[in-house]
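Quick one: this structure, given as structure tokens, is what I'll be asking you about.
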Amino acid sequence: MSQIALFHSVYGLRPAVLAAADRLRAAGHQVVTPDLYGEPAADTVEAGFALLDKIGKRTVLDRARAAVADLPPDTVLAGFSFGVWVAAELLAERPDAAALLLLHGIAGPPETVRPGLPVQLHLADPDEYEPQDEVDAWQRAMTAAGADLSVYRYPGPGHLFTDPDVPDHDPTAAELTWERVLALLDGRGRRTPG
């Protein structure tokens, strides 16, 4: 069983995030899904960015810190899209995190990664927000830092393909993503470094 902090995308705390948490709980994990906005979720990505601008990244990060303050040091840090930035920012303050789970985005400066840290990335291919050259550079840096990195690309779907309430949704890619996430959390998705 893992303790997981799952951070929402720029849209806010949407039903898809809560459904993902329920799925992880059904597999035996404990999951928190902090509402980093404190306001109803946005209906469009543009409205989500407007909410983020209104609230501010500093406030969002402070709320994330407060949400994990009482969680065990080895909590898995996970996020959807913008939420991967939140998870990666917290990694610098929580070096004993059991894993970093990145859904729909790259984040995390290599200097915050301890050798052997399981890092799993799930990304559309192509992804409108993550240019291939940036993904390649990030992957090289994370590997050089010693992360136990698994990168999964999903040809065809849109950016937020695990969310059934947006046009990006791809049920096949979403199901495969959750199978791989559960394998990581159950210890079956980890590779032996070297």
Side-chain angles (χ1 to χ4, degrees), residues 1-9 13 16-34 36 60-61 63-124 127 130 135 138-154 160-163 173-194:
M1 180 198 68
S2 297
Q3 174 71 58
I4 305 161
L6 183 60
F7 300 106
H8 61 71
S9 73
L13 189 57
V17 178
L18 300 175
D22 286 344
R23 182 176 189 147
L24 297 172
R25 287 184 192 109
H29 305 288
Q30 295 181 359
V31 187
V32 297
T33 54
L36 303 178
V60 164
L61 202 51
R63 289 174 178 172
R65 282 187 187 104
V68 301
D70 295 329
L71 297 180
D74 64 348
T75 295
V76 173
L77 301 173
F80 289 93
S81 192
F82 169 73
V84 305
W85 173 81
V86 175
E89 287 294 307
L90 291 181
L91 182 63
E93 303 163 18
R94 298 181 66 88
D96 294 327
L100 183 62
L101 175 59
L102 309 174
L103 301 158
H104 314 295
I106 57 173
E111 58 270 15
T112 65
V113 173
R114 72 174 186 277
L117 175 72
V119 178
Q120 195 177 76
L121 170 66
H122 299 269
L123 198 62
D127 187 290
E130 305 291 359
V135 174
W138 175 87
Q139 187 171 349
R140 285 191 300 273
M142 294 297 270
T143 300
D148 182 9
L149 181 64
S150 299
V151 175
Y152 299 105
R153 300 300 302 260
Y154 301 84
L160 204 58
F161 60 84
T162 60
D163 187 334
E175 185 60 31
L176 184 54
T177 296
W178 294 118
E179 288 173 10
R180 289 168 167 166
V181 166
L182 288 172
L184 171 73
L185 296 174
D186 294 341
R188 294 177 286 122
R190 296 184 182 169
R191 296 189 310 254
T192 304

Closest approach of Val84 and Ala107, non-hydrogen atoms and distance?
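Closest approach of Val84 to Ala107, heavy atoms only: O-CB, 3.6 Å.
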Here's a test for you: under side-chain contact (heavy atoms from CB on, under 4.5 Å), which of Asp74, Val32, Val76, Val31 qualifies with Gln3?
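Between Gln3 and the candidates, side-chain contact (heavy atoms from CB on, under 4.5 Å) is satisfied uniquely by Val32.
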Test log, rule side chain to side chain contact (heavy atoms under 4.5 Å, CB included), inputs Leu91 and Leu117:
CA-CA 11 Å; Leu91 182 63; Leu117 175 72; 3.8 Å; yes
His8 side, atom NE2; Leu36 side, atom CG - distance, nearest 0.5 Å
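Reported to 0.5 Å precision, the distance equals 3.5 Å.
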Which atom of Ala64 lies closest to which atom of Phe7, heavy atoms considered
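Nearest pair, atom of Ala64 first, then Phe7: CB-CE2, 3.8 Å.
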To check you understand the geometry: which heavy-atom pair defines the closest contact between Thr33 and Ala21, and what is its length?
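Of all heavy-atom pairs spanning Thr33 and Ala21, the closest is CG2-CB, 3.5 Å.
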So do the side chains of Asp127 and Val135 get within less than 4.5 Å of each other, counting heavy atoms only?
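No, their side chains stay 4.5 Å or more apart.
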Between the main-chain N or O of Arg180 and the side-chain N or O of Gln120, is there a donor-acceptor pair closer than 3.5 Å?
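Yes, because the side chain of Gln120 sits within donor-acceptor range (under 3.5 Å) of the backbone of Arg180.
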Is His122 reaching over with its side chain to a backbone N or O of Leu103, donor-acceptor style, under 3.5 angstrom?
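A pair under 3.5 Å: no.
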Leu185 vs Leu24, test: side chain to side chain contact (heavy atoms under 4.5 Å, CB included). Steps then yes/no.
CA-CA 9 Å; Leu185 296 174; Leu24 297 172; 3.8 Å; yes
In Å and rounded to the nearest 0.5 Å, what is the CG to CH2 distance from Leu90 to Trp85?
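Leu90 CG to Trp85 CH2: 8.5 Å, rounded to 0.5 Å.
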Has the side chain of Arg114 got a donor or acceptor atom that lies under 3.5 Å from a matching backbone atom of Pro95?
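Judged by distance alone, yes, a pair lies under 3.5 Å.
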Crowding at CG, Asp96 (>12 non-hydrogen neighbours, <6.0 Å):
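Yes, because the 6.0 Å sphere around CG of Asp96 holds more than 12 heavy atoms from other groups.
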Kindly compute the distance separating OG (Ser150) from CG (Leu101), expressed to the nearest 0.5 Å.
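If we round to the nearest 0.5 Å, Ser150:OG and Leu101:CG are 10.5 Å apart.
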Sub-3.5 Å donor-acceptor pair from the side chain of Thr143 to the main-chain atoms of Arg140, do we have one?
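No, the answer is negative, given that no donor and acceptor are paired below the 3.5 Å cut-off.
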Under 30°, 30 to 60°, or over 60°: which ring-plane class applies to Tyr154 and Tyr152, parallel, tilted or perpendicular?
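The arrangement is tilted - the two ring planes meet at 30° to 60°.
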Could you grab the distance from atom CD of Glu179 to atom CG of Leu184, nearest 0.5 Å is fine?
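The CD atom of Glu179 sits 14.0 Å away from the CG atom of Leu184.
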Can you check whether Val151 reaches Leu123 side chain to side chain, under 4.5 Å on heavy atoms?
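In short, these two side chains do not touch, never coming nearer than 4.5 Å.
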Nearest heavy atoms of Pro118 and Ala98, plus distance in Å
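Taking every non-hydrogen atom into account, CD-O, 3.3 Å.
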For the student: nearest non-hydrogen atoms of Ser9 and Ser81, plus distance
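Smallest heavy-atom distance, with atoms named: CB-CB, 4.0 Å.
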Enter the distance from Leu6:CG to His29:NE2 here, rounded to the nearest 0.5 Å.
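Result: 12.5 Å between the selected atoms.
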Check the pair Phe80, Asp163 against side chain to side chain contact (heavy atoms under 4.5 Å, CB included), reporting the backbone distance first and the verdict last.
CA-CA 10 Å; Phe80 289 93; Asp163 187 334; over 6 Å; no
CZ/Arg94 to CG/Leu100 distance, rounded to the nearest 0.5 angstrom?
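Between Arg94 CZ and Leu100 CG, I get 12.5 Å after rounding to 0.5 Å.
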Are the side chains of Val60 and Phe82 in contact, using a 4.5 Å heavy-atom criterion?
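Yes, at least one pair of side-chain atoms sits under 4.5 Å.
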Considering non-hydrogen atoms only, spot the tightest contact between Ala97 and Leu77 and give its length.
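Closest pair (atom of Ala97, atom of Leu77, distance): CB-CD1, 4.1 Å.
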